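Owing to the predicted nature of the structure, the values given are computational and were not obtained by experimental measurement. Reckoned from all heavy atoms, side chains included, excluding hydrogens, waters and symmetry mates.
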Amino acid sequence: METVGPKHRAEAGVAIHVGWSIGFVTLAGLAWLVRNWFWFQLVLSLCFVPYVFFYSFIPESPRWLVMRGKTKQLEKLLEKAASVNGKEIKGDIRDFEIFKHRKETEGKKSSTFLALMKLPKMRCRTFKMIYLWIVNAFLYYGLSYNTNDLAGNPYLNFFIAGIVELPCRVLVFYSIKKWGRKPTIVSFMAVLGLAYGAMLLVPADLPWLGTSFAMLGKFCVTGSFGLLYLYTTELFPTVVRNVALGSCSMFARIGSILAPFVRELSLGFNLYSENVNGFFFYLIDII
């Protein structure tokens, strides 16, 4: 998102998550084709080999170059961008506003997490966003890891869980354009809570209904989680934007770490319920 202007930041912030969704869907097909865990892990590892050759093709962040005072690299990057887009740079490139901003930030140290804690409003905002990141990561990965427990074919369930993300990205894009960031993310999380809560009320003889609620929840958590990347960067000023996003993403790993234990908790609860029911009927037999 740092390689585009503020005008197109929303489009870029939503579009980059399409790659994640395509990878999610592809993973289901790969797992279906490669059933052995060893070869499956090997194929996944080899997917990262091409990145070695991408170094010279992926552009550096212009804003990072400004903060570091790398003006020569920035000039080359801007000239290349203008050439690719068929634009002509008029005047001296050093007269651009981005170079003036470099003079203001030159010599300043990089911000740390402590900078987010200095001001009361920014501190409060940081804690709120950290909570949202933890909850979204917990729910997103909790369902993604436990699609095997849903009714139906596990490969098909995982595929559906990935395919619902694609229309979700489109809905997020139009929602933030029409209603804004805050109403969109609150609506997604409200429906998400209702969908996951409704799964508890689904009868055992209607497994398809439970799967439907799970996919609705997956749809909503995908929208809210993806929107957090854009929403977080826009809530904080430029000087602490990167450290704010990085800190929130780091704390979100708490939710990711806890997610695999959701299934174990459900199994433990079922076992406890069976033992309690068995003991209850045993007392009835004695009476």
Do any N or O atoms from the side chain of [X] and from the backbone of [Y] form a donor-acceptor pair under 3.5 angstrom?
| X | Y | result |
| --- | --- | --- |
| S45 | Q41 | yes |
| S249 | G246 | no |
| N153 | Y155 | yes |

Please give the remaining members of the hydrophobic cluster of V191, linking ILVMFWY side chains under 4.5 Å, ordered by chain and number.
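Listed partners: L216.
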Other than F48, what residues sit in its cluster of Ile, Leu, Val, Met, Phe, Trp and Tyr side chains whose heavy atoms are under 4.5 Å apart, directly or through others?
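Joined to F48, directly or through intermediates: Y51, F54, I58.
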Do [X] and [Y] belong to the same hydrophobic cluster, where Ile, Leu, Val, Met, Phe, Trp and Tyr are linked whenever their side-chain heavy atoms lie under 4.5 Å apart, directly or via other members?
| X | Y | answer |
| --- | --- | --- |
| L74 | V4 | no |
| V221 | I16 | no |
| F40 | F38 | yes |
| L227 | W179 | no |
| V202 | L194 | no |

For a side-chain contact (heavy atoms from CB on, under 4.5 Å) check, start with the C-alpha distance between T211 and I160, then their side-chain angles and the critical distance, and finish with the verdict.
CA-CA 10 Å; T211 303; I160 296 175; over 6 Å; no
Hey, could you give me the [atom1]/[atom2] distance between [X] and [Y], rounded to the nearest 0.5 Å?
| X | Y | atom1 | atom2 | result |
| --- | --- | --- | --- | --- |
| W32 | L156 | CH2 | CG | 12.0 Å |
| Y174 | L171 | OH | CG | 10.5 Å |
| L230 | T233 | CG | OG1 | 5.0 Å |
| I185 | C220 | CD1 | SG | 12.0 Å |
| F213 | L209 | CZ | CG | 4.5 Å |
| N136 | L228 | CG | CG | 5.0 Å |

Could you give all pairs that pass the side-chain hydrogen bond (donor to acceptor under 3.5 Å, both in side chains) test and reach residues 16-25, with sequence neighbours left out?
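Only W20-Y140, S21-E165, S21-R169 qualify under side-chain hydrogen bond (donor to acceptor under 3.5 Å, both in side chains).
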What pairs meet the side-chain hydrogen bond (donor to acceptor under 3.5 Å, both in side chains) rule with one or both residues in residues 180-203, with sequence neighbours excluded?
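Those involving residues 180-203 are R181-E234.
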Is there side-chain contact between [X] and [Y], with at least one heavy-atom pair below 4.5 Å?
| X | Y | answer |
| --- | --- | --- |
| P183 | V186 | no |
| E11 | K177 | yes |
| L132 | Y231 | no |
| R253 | Y141 | yes |

Can you name the closest pair of heavy atoms from L192 and G217 and give their distance?
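Heavy atoms of L192 and G217 come nearest at CD1-O, 3.3 Å.
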Plane angle bin for F188 and F219 - parallel if under 30°, tilted between 30 and 60°, otherwise perpendicular:
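Correct class here is tilted.
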Between Y229 and W133, does the ring centroid distance fall short of 6.0 Å?
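Centroid separation for Y229 and W133: below 6.0 Å.
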Ring center gap for F24 and F158 short of 6.0 angstrom
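Yes: the rings meet the under 6.0 Å criterion.
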Salt bridge (Lys or Arg N to Asp or Glu O under 4.0 Å) involving E60 - partner list, sequence neighbours excluded:
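Listed in chain order: nothing, the list is empty.
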Which donor-acceptor pairs under 3.5 Å do side chains of residues 120-129 form with protein atoms, sequence neighbours excluded?
{"residue": "R123", "atom": "NH1", "partner": "M117", "partner atom": "O", "Å": "2.5"}
{"residue": "R125", "atom": "NH1", "partner": "L235", "partner atom": "O", "Å": "2.5"}
{"residue": "T126", "atom": "OG1", "partner": "M122", "partner atom": "O", "Å": "2.7"}

